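Notes to accompany the following structure.
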Amino acid sequence: MRTQSSATPHVSIAVAAPGPSPAGLLQAALGVIAFSLTFPATAWGLEGFGPWSLVAVRSVLAAVLAGGCLLALRVPPPARRHWPGLAVVGAGVVLGFPLLTTLALQTSTTAHAAVVVGLLPLTTALLSALRVGSRPSRTFWGAALAGAAAVVGFTVQQSGGALVAADGCLFGALLICAAGYTEGGRLARVMPGWQVIGWALVLCLPLTVPGAALALAYEPVHLSVHSVTGLLWVAAGSQFFGLVLWYRGMAAIGIPKASQLQLAQPLLTLVWSVLLLGEHPTAAAPLTAVAVLICIAVTQRARG
């Protein structure tokens, strides 16, 4: 007599993975918008402050905000072994990048600077590959070289066939900021990202406070609505709250999706340069920006 099995056949039900957090998408998008306004706000700040004063005062104000948040949340100081890495972050993100881009914007338009600095994700990826020893695909390197060629061609064409001092500052800013981002990414594995930038800002206070006092004593200050608004934005919006929103959004939706949002940053800066500063970029600027964004998108897909 054959017995009928009572076992129920196994049925596999695929459950759709939850979509990205709407709040995380919003936070990351607001962070990108904050970053895209940095160059126009810097141009406004330069209407009333000298470049050294603007950078030093912006860093001091951002450090005051960061220090207040760290104190209010009773965040303990990082372990001693993390301070050298925080010094690299401070040198790159707090001091080097703001100073070099501010100096460049004295003679360069924000549209021009936005396209050049659009290579920052590529530069960071290159330094990160060297730092951690990863081996990206040939597709990645091909797109990276194509983006670099587009940017170099644009800068040479805009400067009449030769690189100028502003371009040297911008390319230097790329390298030093990429080093700060790379080290900050390493530290973000052991502490929240906003604490990385917060402690880096606080660590730079022994340099930025006397630097601000010295610069304000030697550089004339002409307060206006534009200059004060620009200063407050680059201090609070770009250097602190923008990074807080960015890191919170990145934690919520993941690095790949967040990085795709940041690809829009150069084009947004071009839009702000027209709306807020009345600039009229040549046709080469948006075309180069689009080419750079395509190349960066290819590298992101290749790495993923």
Side-chain angles (χ1 to χ4, degrees), residues 31-32 34-36 38-39 41-42 51-52 54-63 65-67 78 81-105 113-114 116-132 134 144 148 151 166-209 211-212 234-235 237-244 246-247 250 255 258-259 262 265-266 269 296:
V32 172
F35 299 152
S36 71
T38 299
F39 284 171
T42 299
W52 297 90
L54 182 61
V55 172
V57 173
R58 121 185 209 176
S59 298
V60 171
L61 293 178
L65 289 172
R81 66 181 183 277
H82 298 319
W83 286 108
L86 289 171
V88 175
V89 176
V93 179
V94 178
L95 299 177
F97 183 80
L99 178 60
L100 289 173
T101 53
T102 299
L103 292 174
L105 286 173
V116 177
V117 177
L119 274 182
L120 181 57
L122 284 175
T123 309
T124 303
L126 293 173
L127 290 185
S128 297
L130 294 174
R131 181 76 165 87
V132 303
S134 60
V151 169
D167 294 323
C169 289
L170 290 171
F171 283 113
L174 287 177
L175 292 175
I176 195 169
C177 187
Y181 278 177
T182 300
E183 194 65 20
R186 186 186 67 83
L187 289 172
R189 299 175 182 175
V190 296
M191 67 178 73
W194 76 270
Q195 293 182 22
V196 173
I197 188 61
W199 286 115
L201 285 164
V202 172
L203 181 62
C204 291
L205 276 175
L207 294 176
T208 55
V209 169
V234 294
S238 301
Q239 193 140 34
F240 185 62
F241 287 120
L243 285 168
V244 171
W246 171 249
Y247 282 122
M250 188 167 58
I255 294 175
S259 66
Q262 198 172 23
Q265 184 174 326
T269 298
I296 294 175

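This structure is a prediction, so every number in the text was calculated from the model and none was measured. The analysis underlying the following values was restricted to heavy atoms, covering all of them including side chains, and did not include hydrogens, waters or symmetry mates.
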Original post:
Below 4.5 Å, heavy atoms only, C-beta onward: do Phe240 and Leu61 meet side chain to side chain?
Top reply: no
Original post:
Is the closest side-chain heavy-atom distance between Trp52 and Thr102 below 4.5 Å?
Top reply: no
Subject >> Closest heavy-atom pair and its distance - Ser238, Thr38 >> reply: OG-OG1, 2.7 Å
Subject >> Rounded distance [0.5 Å steps], CG in Leu170 versus CZ in Phe97 >> reply: 8.5 Å
Subject >> Atom pair CG (Leu187) and CD1 (Ile197), whose distance is rounded to the nearest 0.5 Å >> reply: 11.0 Å
Original post:
What pair of heavy atoms forms the shortest contact from Val89 to Ala200, and how long is it?
Top reply: CG1-CB, 3.8 Å
**OP:** Specify the closest pair of heavy atoms between Thr101 and Ala173, including all atoms of both residues, with the distance to one decimal.
**Re:** CG2-CB, 3.8 Å
**OP:** To the nearest 0.5 angstrom, please state how far the OG atom of Ser59 sits from the CG atom of Leu54.
**Re:** 9.0 Å
Subject >> Derivation and outcome, side-chain contact (heavy atoms from CB on, under 4.5 Å), residues Gln239 and Leu65 >> reply: CA-CA 10 Å; Gln239 193 140 34; Leu65 289 172; over 6 Å; no
Original post:
Where do Ala235 and Arg58 come nearest, in terms of heavy atoms and distance?
Top reply: CB-O, 3.5 Å
Subject >> For Leu201 against Ala66, the heavy-atom pair lying closest together >> reply: CD1-CB, 3.9 Å
Subject >> Distance, nearest 0.5 Å, that separates CG of Leu105 from CG of Leu100 >> reply: 11.0 Å
Subject >> Taking every non-hydrogen atom, the tightest pair across Cys169 and Ala104 >> reply: CB-CB, 3.9 Å
Subject >> Short side-chain to backbone donor-acceptor contact, Thr208 and Ala56, under 3.5 Å >> reply: no
Subject >> Side-chain touch Pro98/Val234, heavy atoms, less than 4.5 angstrom >> reply: no
**OP:** Decide yes or no on side-chain contact (heavy atoms from CB on, under 4.5 Å) for Leu86 and Val196, but give the supporting numbers first.
**Re:** CA-CA 7 Å; Leu86 289 171; Val196 173; 4.1 Å; yes
Subject >> Trp83 and Trp199 aromatic ring geometry - parallel, tilted or perpendicular at 30°/60° bounds >> reply: perpendicular
